[in-house]
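Take a look at the structure below.
In what follows, every heavy atom counts, from backbone to side chain, and hydrogens, waters and symmetry copies are set aside.
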There are 2 protein chains.
Amino acid sequence: MSEIKDRPYHHGNLRRALIDTAMDMLAADQNWAFTLREVARRTGVSHAAPYKHFRDREMLLRELARIGFIRLGESLTEAMSAGLPSMRAQFVAAAQACIGFACQNPGLYRLMFSADADKTIDPHLHDAAMSTFGILLGLLERGQRDGSFRSVAVSALAAACWAQVHGLAMLAINNQLLEEKVGSAPVPAALDVLLDGMCRND
Amino acid sequence: MSEIKDRPYHHGNLRRALIDTAMDMLAADQNWAFTLREVARRTGVSHAAPYKHFRDREMLLRELARIGFIRLGESLTEAMSAGLPSMRAQFVAAAQACIGFACQNPGLYRLMFSADADKTIDPHLHDAAMSTFGILLGLLERGQRDGSFRSVAVSALAAACWAQVHGLAMLAINNQLLEEKVGSAPVPAALDVLLDGMCRND
DNA sequence: TGCATAAGTTTCTCCTGTAAACATGGAGGG
DNA sequence: CCCTCCATGTTTACAGGAGAAACTTATGCA
């Protein structure tokens, strides 16, 4: 009855279909030339149909970004709950999960941090982003409580980590971590430097 | 004779005029909705004129990015040559100069690190970017020689610094350094954490 | 003097975003 | 059980952008 049958109803639940198609396109095209019309075309509906579900193109983009933050959060949570012994190892795992996520979904990741995904417009998007950021904060707080991380203001740690990881992700995506300049394994190397500043090393 | 008189010649040296107009637009519009046609319009020529000087829209964008890297390099050099006593202070100055540059020219900075400015296509752009990156490398090497910075592989330091500074710049531009999450002065706080890992602290 | 050519302009095609008018079919009231 | 309304589609229309091609000028040079 309520089974998925491709286009059950009037046309099906287009909203979901459009999001899925767009997500697929983001994954496939690293060129990132997003077009509402092509999303509609690939979904098999007229080019005006999407406007019944999204006020404009950017509203769809924001929804994609929101889902991206949720997925990123899941990746982070999963990486951190792998039962790694030290906080430091957990942090490295989370950072690498984030950068891995970015490299596997460059279009989506770029979108999530682009001006198109304006967090001041869409509270849901804002919440999703903050929730994901909160995962990082949680890790840092736990690390401070158990003495792994230094007891400076957690906001300083957070800014440093957030910037570092996001910076590495962006540079990795844009192929700007050239081996000639930055070594063969820049991500762990950079994280080590940061962690040396974060961890208690007495 | 060869004085600038707005439109001296056939029409003047359009190339330069287009670049200047585009640069002004980048500085004014934070919205970053770049159109070749509007650049042409604002420069007072037909919409097809730019194609006599730039193969396509992206070629102009790449030239803008190239100039941006040169300017950023100048900012960095200036910040570093302010006669600051310690390497650490010099690094902070350079980092803040970079982030300040980004905040004052968000459109340009975003362009410089966007997919539109594809460094694999344009060797001149690639060289400009590498040259600017080289300024950072130079600072790190000097700091290692005089014992300020730890003697790990300089490429690890470079990756960490590059990512950190670029990450902070991008987050700052995108208004994602929210005080509630990241404190009131996230930039120096984050740099301090990083520097604690970079510097010899024995 | 006169022509080849760089540099601009017009015109054209194809694409996009978005609005408005129109169509349709399923759900709910009589 | 039918009829009507509305959500969800489609068609059509319009403004703008990228870029190609054909046309026009004025300059530098033979």
Practice item. Take B/Thr21 and B/Asp24, measure what side chain to side chain contact (heavy atoms under 4.5 Å, CB included) needs, and give me the verdict at the end. Key: CA-CA 5 Å; B/Thr21 304; B/Asp24 289 349; 5.7 Å; no
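- Taking every heavy atom of residues 111-121 of chain A and every atom of DNA chain D, no pair lies under 4.0 Å.
- Between the CG atom of A/Leu14 and the P atom of C/dG25 there is a distance of 16 Å, given to the nearest Å.
- For the side-chain hydrogen bond (donor to acceptor under 3.5 Å, both in side chains) condition, no pair includes a residue of residues 179-191 of chain B, sequence neighbours left out.
- Here the CZ-CG distance, from B/Arg66 to B/Leu125, works out to 8.5 Å after rounding to the nearest 0.5 Å.
- A straight line from CZ of B/Arg41 to P of C/dT9 spans 14 Å, rounded to a whole angstrom.
- Applying the ring pair (Phe, Tyr, Trp, His ring centres under 6.0 Å) test to every pair with at least one member in residues 167-199 of chain B, sequence neighbours left out, gives no pairs at all.
- Among residue pairs with one or both ends in residues 65-122 of chain B, those qualifying as ring pair (Phe, Tyr, Trp, His ring centres under 6.0 Å) are B/Phe69-B/Phe113, B/Tyr109-B/Phe113, B/Tyr109-B/His166, B/Phe113-B/His166; sequence neighbours excluded.
- In this entry the distance linking CZ of A/Phe34 with P of C/dC15 reads 18 Å, nearest Å.
- Side-chain atoms of A/His47 and base atoms of C/dT18 include a donor and an acceptor less than 3.5 Å apart.
- Looking at every heavy atom in both residues, A/Leu177 comes nearest to A/Leu168 through CD1-O, 4.0 Å.
- Contact of the B/Val182 side chain with the A/Phe133 side chain is registered, since non-hydrogen atoms from C-beta on lie closer than 4.5 Å.
- In summary, the side chains of A/Arg110 and A/Asn105 do not present any donor paired with an acceptor at a separation below 3.5 Å, with no hydrogens or angles considered.
- For B/Arg37 and D/dG16, a side-chain-to-base donor-acceptor distance below 3.5 Å is absent, hydrogens and geometry of angles not being considered.
- Considering only residues two or more places apart in sequence or on other chains, B/Phe54 meets the ring pair (Phe, Tyr, Trp, His ring centres under 6.0 Å) condition with none of them.
- Contacts with DNA chain D (heavy atom under 4.0 Å) in residues 48-63 of chain A: A/Ala48, A/Ala49, A/Lys52, A/His53, listed by number.
- Counting any heavy atom pair closer than 4.0 Å across all strands shown, B/Thr35 reaches sugar-phosphate atoms only and no base atom.
- A/Leu36 places its CG atom 10 Å from the C1' atom of C/dT18, with the value rounded to the nearest Å.
- In this structure, B/Leu18 atom CG and C/dA7 atom P are separated by 12 Å, rounded to whole Å.
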